[in-house]
Amino acid sequence: MSKFKRDYKKHQDLPLMPITFVSSEENQTGFWKTFKPVLEKEKCIKCAICWKFCPEPAIDIGDDDYPTFRMEHCKGCGICANECPKDAIQMVMEEE
Amino acid sequence: MVKMVISGNSASAYGSKLARAEVIAAYPITPQTSIIEKIASLVANGEFETQFVKVESEHSAMAACISASLTGARTYTASSSHGLLLMHEMLIWASGARTPVVMSNINRANGPPWSVWADQHDTMAQRDTGWMQIYCESNQEVLDSILMAYKVGESRDIMLPSMIIEDAFILSHTVEPVDMPDQSAVDDFLPAYDPEMKLDVDDPHGFGSLVMPEWYMEFRYKIAEAMDKTRDKLRDVQKDFESRFGRSYGGLMEFYECEDAEAVLVISGSVASTAKEVVDRMRSAGKKVGLARLRYFRPFPVDEVRWLAKNVNCIGIVDRSYCFGHGGPMAAEIYGALMPVADKPIVKNFIAGLGGRDLTPEVLERLYENMLAIRSGGVDMEIEWVDVKDGRGG
Amino acid sequence: MMVKLTIPEEELMMPGHVGCLGCGATLAMRYTLKALGKRTIISVPACCWAVMPGVYPYMCLDIPMLYTAFEVTGASISGIRAALTAKGIDDITVVGWAGDGGTADIGIQALSGAVERGTDVMYIMYDNEAYMNTGIQRSSATPIGAWTTTTPVGTTQDWKRMPKKNMVDIMVAHKIPYTATMSVGYPEDMIKKLKKAKGIKGPKFIHIFAPCPTGWRLAPDKTIEIAKMATACGAFPLYEVENGVYKISRKPKELEPILPYLKMQGRFRHLPEDALDDIQTRVTKEWKQLLRLEEFTAGNE
Ligand SMILES: Cc1ncc(C[n+]2csc(CCOP(=O)(O)OP(=O)(O)O)c2C)c(N)n1
Ligand code: SF4
Ligand SMILES: [Mg+2]
């Protein structure tokens, strides 16, 4: 949007009031996590229940119908692992 | 153009109609009630096409106006005293959200003790809310000020709300002849509201998000800067208005017989009319007195006050309200504006006319005489509560 | 993609928001926007959701959002609707989105006003059962028995002593055309009801059960599980009331006992046996009452 200056440095660059204009997707919340989801493809029945219950949402269903996790946004809450009917997602400790 | 003999409250209602306010949200309170009753009847009779939201409180009235304004509508409301006080949070919201809401406020005393009569404590308590404040002297000024307030407030470099203020009963319920400008002339003067940004599903944004300390001040500074700009803007708009409608009211402060005056009273609101008569009478008796009618309290007429101080060395300030623990709010701000003036005038603060106590010509004449006396004899007291019964009076 | 999704695919809530891990309130928003679509304007007062979209200049919603003061949601959406009507626009869904505190407590007056005036808006209360944004203080929607920072148990057993305020009852008393309860545990039910509500003119009141792991002292992966348990045990029944007619959306043959639901949450940990029994008695009684309401109002369209 031309009305907004992304690279604002002074008050003149700001809109009249705080009118937001940047997608939160730029805010990478992935670094919050302690545990990360790992999919065991063999167990997955491609039901997309994990996708349905992701509160970010940070799960994509690919062309092959398997879920993939957007690690840059996943906070590691573990809902997907808990809701998976086949126990196909494990939450494992993030390594440094 | 037609002439109507109407009250200040009717003038307010017609002002909102002439301005084509699109959304009105209001809640009744004495002595504002007849404004919204008038609007309701105009709407009920098909004479005024507006969305009149009959909210359940003044707080909601202001909230509805702000939200409607951010959706792109021209908005109007009216209140008084306790209703205005209840709005306080949303008044600050309105300026922060940069919504040019216009509101009529009838100056009425605050309780307790309950009182429905005039004083300025309600609006003075809102002086830090980021609203322009226009204190009117006549019903005509009430109507005209509404039209001008939209024009000033809706300018894209301003985007701030305005309060049009009239004294309880003295203006709100007293009829006077008022020129009703033609709708087409008003439409030419005041085109439809067209904000740069509004809530729009085709261009979605969040309005009013959380701001971290590193940018909060800049957003507040922008409000301060816009409010400062209103001084020039409203002078321009008044000139434009005068050229179209032939009426003017004297900028931020109206000076009456001040050029060569030896003593001047600073007064706001309808009492100014009484004071003008007193000035005329005293002038004809050879006493050089004058009147400075404060029209705008926000923005504050700093330059006008300084001009006055350069010309007149004895100034009495009549406050129709009081800041407990300090003094009259008008006086406090005038003293502040005088700081850089080299030869400071003699100043005195009168607290008078609270809760509808009449400010008669006799009272005002006494204040003038007092000012003329202290001009030579020195200030008797810094703050005088005029005619307060303390057992010492005559 | 071959898989048949049970809820709409379109996302109008984007990641990168700052909701806590496993926050039920974010899911409530995600599903709501899937149901209502892009032609929606939302007004949000002070609450977790006033923070979650992000700090300036970030925004996680792809619809216009107005930030408002805590107690004004009902008035704010009235103003938005009035402005749209003034402009001749009638194909936009106007949503007020407030927490349980902003609705059942400080905002109840403005809500009542908006509903009584018959305003064409959808008011949604996402219920995490306390003031979470300010750090877990009791609200009138906090359930009986719960610990919060203002019902801190202590040595005097000062937990929340009064039962949860029933907002749906209050809305029914307003003769509202449509009101319903929903839960993030049942997104398909949510979306179905929200779509229905969208098609109804006049005021709609929606109560969404939105577990808050942070405030309920619950593991963040249990949000959905606990939401389902709440409905199964009758702590949060799902139903709708259309013009006074009650219809229960999920009717288990027999309610599960409430104990496992309470035991899973740290906020009920302190409760002695008799208090747990008392809660069970209350829930059973209310469920029976709801069944009777359904029976009693059936066919009364
Ligand atoms: C007038 C006013 N009083 C108090 C607050 C502080 N406050 C902000 S959010 C909040 C609690 C919100 O609770 P709820 O509505 O349940 O939403 P939640 O945060 O739980 O999502 C409080 C008390 C405020 N912003 N404004
Ligand atoms: S405190 Fe609770 S409701 Fe608020 S963001 Fe965190 S999990 Fe969500
Ligand atoms: Mg809450």
Side-chain angles (χ1 to χ4, degrees), chain B residues 20-25 27 49-75 77 87-90 92-94 96-97 99 101 192-193 197-216 218-219, chain C residues 12 18 37-46 50-89 91-94 96 106-117 119:
Chain B
R20 296 188 189 277
E22 296 166 285
V23 173
I24 296 176
Y27 191 81
E49 214 181 295
T50 189
Q51 295 297 310
F52 184 8
V53 190
K54 290 136 196 178
V55 282
E56 78 305 323
S57 77
E58 290 86 354
H59 195 281
S60 285
M62 190 45 61
C65 283
I66 293 166
S67 299
S69 182
L70 286 166
T71 315
R74 180 172 288 160
T75 60
T77 185
M87 283 181 186
H88 183 71
E89 180 195 27
M90 300 321 291
I92 293 176
W93 202 284
T99 52
V101 180
Y193 179 43
M197 297 285 303
K198 62 181 178 207
L199 293 163
D200 178 1
V201 291
D202 296 317
D203 181 21
H205 297 272
F207 285 67
S209 78
L210 182 70
V211 170
M212 300 307 271
E214 56 178 325
W215 287 105
Y216 181 87
E218 283 66 24
F219 281 108
Chain C
L12 292 174
V18 296
K38 269 197 84 97
R39 296 191 73 76
T40 302
I41 295 178
I42 198 164
S43 175
V44 181
V51 179
M52 288 196 288
V55 299
Y56 180 83
Y58 296 111
M59 167 51 68
C60 75
L61 303 184
D62 205 11
I63 57 163
M65 165 167 164
L66 173 56
Y67 292 78
T68 53
F70 194 19
E71 62 284 31
V72 305
T73 313
S76 172
I77 53 182
S78 299
I80 295 171
R81 173 54 75 202
L84 292 174
T85 306
K87 304 274 178 205
I89 301 168
D91 64 342
I92 287 178
T93 308
V94 178
I106 201 167
I108 196 167
Q109 173 180 321
L111 164 63
S112 175
V115 174
E116 183 275 332
R117 292 189 296 272
T119 320

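Chain letters run A, B, ... following the sequence lines, proteins first, then strands; residues in each count from 1.
Summarising the geometry of B:Asp202 relative to C:Arg39, their closest heavy-atom pair is OD1-NH1, 3.8 Å, with the distance given to 0.1 Å. Nearest heavy-atom pair, C:Ala86 versus B:Val23, reported as atom, atom and distance to 0.1 Å: CB-CG2, 4.4 Å. Residue C:Pro64 comes nearest to B:Leu199 through the heavy atom pair CB-CD2, 3.9 Å, listed as atom of the first residue, atom of the second, then distance. Of all the heavy atoms in C:Ile80 and B:Ser67, the pair that sits closest is CG1-CB, 3.8 Å. Taking all atoms of both residues into account, the shortest heavy-atom contact from C:Arg117 to B:Lys54 is CD-O, 3.4 Å.
Note that OH of C:Tyr67 and CH2 of B:Trp93 are 10.5 Å apart. Values are rounded to the nearest 0.5 Å. To the nearest 0.5 angstrom, B:His59 atom NE2 is 9.0 Å from C:Gln109 atom CD. Taking CG from B:Asp200 and CD1 from C:Ile92, the interatomic distance works out to 7.5 Å, rounded to the nearest 0.5 Å. Going from atom NE2 of B:His205 over to atom CG of C:Leu61 covers 13.0 Å, rounded to the nearest 0.5 Å. One distance of note links CG of C:Leu66 with CD1 of B:Ile66; it measures 9.0 Å at 0.5 Å rounding.
Between B:Val201 and C:Ile41 there is a side-chain heavy-atom pair separated by less than 4.5 Å.
Looking at C:Glu116, neither its backbone nor its side chain comes within 4.5 Å of chain B, counting heavy atoms on both sides. For C:Thr68, the parts lying near chain B are the backbone and the side chain together; criterion is any non-hydrogen pair under 4.5 Å. Within the 4.5 angstrom heavy-atom criterion, no atom of C:Thr119 approaches chain B. Neither the backbone nor the side chain of B:Tyr216 comes within contact range of chain C; no heavy atom of the residue lies under 4.5 Å from a heavy atom of that chain. Heavy atoms of B:Met62 lying under 4.5 Å from chain C are absent altogether.
Most heavy-atom pairs under 4.5 Å with chain C: of the set B:Gly72, B:Ala63, B:Ala68, B:Ser69, this distinction falls to B:Ala68. Your options are B:Thr50, B:Leu210, B:Leu70, and the one with the most heavy-atom pairs under 4.5 Å with chain C is B:Leu210. Ranked by non-hydrogen atom pairs under 4.5 Å with chain C, the options B:Lys198, B:Met212, B:Glu89 are led by B:Glu89. The most heavy-atom pairs under 4.5 Å with chain B, out of C:Gly74, C:Ala50, C:Pro53, C:Ala82, come from C:Ala82. Contact count against chain B (heavy-atom pairs under 4.5 Å) is highest for C:Lys87 among C:Lys87, C:Met59, C:Lys38.
Counted within 6.0 Å of CZ on B:Phe207, heavy atoms from surrounding residues, nucleotides or ligands total more than 12; the atom is thus considered enclosed.
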